[in-house]
> 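Handing you a structure now.
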Amino acid sequence: MARDVRILNTGSLLELSRALRAAGGENIRQSMHRRIRRAAEPLRDDLQDAIRGLDIRSQGRTGRPGGPSPNGRPLRETIAAAIRISVRTGSNPGATVWIDKGRLPPDMKNVPAQLNSGRLRHPVFGNRRRWVNQYASPPWWDSTVRQHQARMEQEVARVLDDVRRRLE
C-alpha cells in the first residue's frame, strides 16, 4: 500500500517557491498553499468515505452481523479520522495525503495497510492463541487515489500557472 500520496512537480514547485520568496509575496504564498490544500481535500474526503463504507467480512458467522467493537473504538471511524493532508511551500514544496499513525491506537498501526491488501488477521478478543482472518474488498486506498490523481495533477498545474502569472 502506498502509505501516502504526493502531488509533486518538484522542479516547477521549487522554482516557483524561490520566486515567491524573492518577491516577498506572502499573500501569494498563502493563496497557493490554500489552493493546493483544496485540491487535495476531495481525495481525503473520498478516502475517509471509502474506509467508512468498507465491507469487512469474516470467514465464519455467515448471516449474522458483528456486534459493537469490544474495545470501544470503532475501527473504520478511527482510521478515517487519521487521514491527513500536509502542504509544504518551502524548500520541498508539494502536498501529501497520508495516514497519521500517531492518531491511531498502538494496536491499530498496521491495520490500514492490511485492509488495503484485502486481509486483516487478528486475535479473537485479544486471545493470542486464537486468530481469525477478515476480508475486505481491496484496495480501498489505491483505487481511490487512482481515481483522483489526474484531477489533482491538473488542479496543481492550474495553481502553479496562476501563481506564475501573478509573479510576472
Side-chain angles (χ1 to χ4, degrees), residues 1-56 69 73-120 134-168:
M1 170 179 148
R3 297 224 185 268
D4 57 14
V5 181
R6 296 169 195 246
I7 298 299
L8 302 171
N9 183 352
T10 334
S12 299
L13 285 171
L14 193 56
E15 184 181 301
L16 201 56
S17 181
R18 285 184 186 136
L20 279 171
R21 214 172 306 125
E26 190 60 35
N27 189 18
I28 298 172
R29 177 182 272 161
Q30 288 174 347
S31 173
M32 180 174 114
H33 187 276
R34 182 175 55 250
R35 289 180 64 193
I36 290 175
R37 176 175 289 281
R38 283 189 186 149
E41 284 173 354
L43 172 61
R44 182 204 54 205
D45 296 343
D46 281 355
L47 284 168
Q48 288 174 334
D49 290 343
I51 190 64
R52 285 183 184 121
L54 187 65
D55 181 34
I56 302 174
S69 175
R73 295 183 317 246
L75 173 71
R76 294 172 187 89
E77 191 57 41
T78 302
I79 295 172
I83 298 174
R84 316 290 284 165
I85 298 174
S86 175
V87 177
R88 299 166 314 284
T89 55
S91 62
N92 186 19
T96 306
V97 178
W98 54 292
I99 295 179
D100 184 359
K101 289 190 175 187
R103 299 191 84 196
L104 292 174
D107 58 339
M108 290 176 97
K109 294 204 185 294
N110 65 346
V111 170
Q114 286 186 22
L115 287 175
N116 193 55
S117 72
R119 178 177 155 232
L120 175 62
Q134 287 186 289
Y135 301 96
S137 47
W140 68 275
W141 180 274
D142 297 339
S143 60
T144 307
V145 168
R146 266 194 302 277
Q147 291 171 0
H148 284 268
Q149 190 168 2
R151 180 198 55 79
M152 287 179 60
E153 287 172 353
Q154 290 172 354
E155 183 63 28
V156 169
R158 187 177 314 124
V159 169
L160 294 177
D161 289 342
D162 290 349
V163 170
R164 269 195 203 97
R165 268 188 253 119
R166 286 176 69 181
L167 286 174
E168 290 174 352

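The first residue in the sequence is number 1, and the count goes up from there.
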> With a cut-off of 3.5 Å and sequence neighbours excluded, list every side-chain donor-acceptor pair involving residues 36-48.
{"unit_1": "Asp46", "atom_1": "OD2", "unit_2": "His148", "atom_2": "NE2", "d": "2.5"}
{"unit_1": "Gln48", "atom_1": "NE2", "unit_2": "Ala80", "atom_2": "O", "d": "2.9"}

> Kindly write out the residues that satisfy side chain to side chain donor-acceptor pair (under 3.5 Å) with Arg119, not counting sequence neighbours, or none if the list is empty.
Asn133

> Kindly give the heavy-atom pair with the smallest separation between Arg103 and Ala81, and that separation in Å.
NH1-O, 3.0 Å

> Under the side chain to side chain donor-acceptor pair (under 3.5 Å) rule, collect the residues that match up with Arg165, sequence neighbours excluded.
Asp162

> For a 4.5 angstrom cut-off between non-hydrogen side-chain atoms, does Leu75 reach Ile56?
yes

> Would you please name every residue forming a salt bridge (charged side-chain N to carboxylate O under 4.0 Å, His left out) with Arg151, sequence neighbours left out?
none

> Which distance, rounded to the nearest 0.5 Å, do you find between the CD of Gln149 and the OG1 of Thr144?
12.5 Å

> Testing the basics here: between Val87 and Ile85, what is the closest heavy-atom pair and its distance to 0.1 Å?
CG2-CG2, 4.1 Å

> Let me confirm one number: the OG-CH2 distance from Ser117 to Trp140, rounded to the nearest 0.5 Å.
11.5 Å

> Considering non-hydrogen atoms only, spot the tightest contact between Ser86 and Trp98 and give its length.
CB-NE1, 3.6 Å

> With rounding to the nearest 0.5 angstrom, report the NZ to CG distance, Lys101 to Asn110.
7.0 Å

> Using modelled atom types and a 3.5 Å cut-off, is there a donor and acceptor pairing between side-chain atoms of Asn116 and backbone atoms of Trp141?
yes

> To the nearest 0.5 Å, what is the distance between CE (Met108) and CD1 (Ile79)?
5.0 Å

> Please examine the side chains of Leu115 and Leu54, heavy atoms only from C-beta on, and report whether any two atoms are closer than 4.5 Å.
yes

> Determine whether Glu155 and Arg158 make a side-chain contact, defined as any pair of heavy atoms from C-beta on separated by less than 4.5 Å.
yes

